[in-house]
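Have a look at the structure below, then the notes.
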Amino acid sequence: MVRYYCTAGNGMESFLVEEVKKKLAARDVHQIPGKVLFSSSATIHRVCDLKAAERLFLLLKQDSPVGMSTHTSPAKTASVLRSRLLGDRRQWLSAVMTWSRLQGELAASRNAVTASTTHGVREKGRGSERQSDEGKNCRQESRKRSHSFTAEESDEKRQRGREQIRRHALELDKDDDVRESEEVCATYSKKELEQNVESCSKNMDDLGEDAPLESVENVSFRINCKCSGSLSRCVGAQEVSKVIGAGLSKLLGWKADLKNPKLEISVFLSDDYCLLGIPLTRLPLANRSYIKSTGLRSTIAWAMASLAQIQPGFCVVDPMCGVGTILIEAAKEHKAACFLGVDIDDGQLQKADENIAFAELQSRVHLLKASSKALPLPSASVDAVVCDLPFGRKFSTRVNMADNLPLILGEMERVLCVGGTMVVLLSPQLSCLLKKLLSQTHSGPKGNKEDESQTFSSLRHQTTLRVSLGAIDGLIHKYIKTPD
Amino acid sequence: MIPKLEWSALVQAADQLGHREDLPGELVPDYEKNEDFLKKVHRVLLEVEVIEGSLQCPESGREFPISKGIPNMLLNEDEA
């Protein structure tokens, strides 16, 4: 049983909680703003398959908030931080050993994927062999590989721990030039292999199979710290990083390396808790290996699809599918349903086509060029409609979104069969209009020809959720079609 | 999935494409258990794809072009 935590976009926490419980049989699930903590004995490969999460971390320590005031002296601050956050050596070493083991398992599952993937993988054969070798070695506690390093410690346990870490770390070295302070550089997820992302490409030739190792005295690490709330007025992230960094070096003999560390330690201090962890993947889980061009953030797309409660045999339509993100996330999750994407724009449809081919979903996801105001589908023929409506006020060059919303909604309602669900994502402004349109009931007696306003009497509101889309917020609305 | 299909339309389309092969004109009873039949349906539904061509409305005769596998079903201003 390993304890993890994941970061999640605002509004996504409840989706993630449900997901870890359902897919990973997670225990001790704890939700805080922007994060979900949980324990699970599922394989790391399955943990990395989480769809509602941003980043995944191995939990190092979770505790009550570090008490501090603005009046605390720097020396006292440093002392408090050290005593509260450092803890004992064994705790750190055991966490790092767990981290190494998980990296080994990830590498092993990655090789299994490499073997079966037929496209999009750029990896040299020699490199793969070496990786699987590493994977095996790291699970055993063998020391058959010869390392040339200056041994200053005679503590055998510590050496073995370091050796394991170094083996993994070396495997994971990169020629990466781009280094942002938040980037996790010490891990290599299977997604990297499948994605042809330049900045992540690992130059296997540089490592070479028999190249002698540099003399490495310590594990190199870097602290990535975030402080929030009123605590951030008492102590700065940089100060914390320095204190913890120095403390860790002293405690474990590790070396701080800001540019190219093997291990990254994440420290999060808020008014309600302190959280330490080690990132398990270099890229966020939200970066999907099976999507080429992204549109809507994949986590949101997946959440919308999950709200639609798609069953096997369902026919699901996205009447403004863009590059097909929602369809792909839904199709990956619901393997026995069929999906249809409709869009009016050739460019978008082309990208959607490529995305579908890249994700190998051609048999279940189809595309159609048409207008969302005139869907070429029979009435009551669709089980679910899931759609991310354009946020901009401009729908086309002449007409604006607000004017078209009634028509678009009308078509969605028409094609849905009774009991079908509609899940839409709108800007806060358009959401107001949506609420207004869909809460209108028949005004005046029947047969009143003066009443021209369109009503959607069969759509019943289920839920509305606010989610962060980065710089702006969006609102997800779920409706069910009832009998008239 | 099969109950959701309009069977005669599927057969006609397959026929026009020259890919009907031995697809029966009518749904046989107990088709869910007929392995042979299911294989034929699988082929026609998932393995045959029109890349360039057109769809024709049986009522109006209006043709909708298919380009790069994507049918264009946009109506003109006067048709809506």
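Please read these numbers as outputs of a predicted model, since none were measured by experiment. Letters A, B, ... mirror the listed sequences (proteins, then strands); counts begin at 1.
- Residue A/R460 qualifies as open at atom CZ: its count of foreign heavy atoms under 6.0 Å is 12 or below.
- Distance check: A/K369 NZ to B/I66 CD1 gives 13.5 Å after rounding to the nearest 0.5 Å.
- Around the NZ atom of A/K51, the shell of radius 6.0 Å holds more than 12 heavy atoms that belong to other residues, nucleotides or ligands.
- The minimum heavy-atom distance between B/M73 and A/L368, with the atom names listed, is SD-CD1, 3.5 Å.
- A/D346 does not touch chain B: none of its heavy atoms, backbone or side chain, sits under 4.5 Å away.
- Crowding of B/E32 atom CD: a count of heavy atoms from other residues, nucleotides or ligands under 6.0 Å exceeding 12.
- When all heavy atoms of A/I344 and B/L74 are compared, the pair lying nearest together is CG1-CD2, 3.6 Å.
- Neither the backbone nor the side chain of A/D343 comes within contact range of chain B; no heavy atom of the residue lies under 4.5 Å from a heavy atom of that chain.
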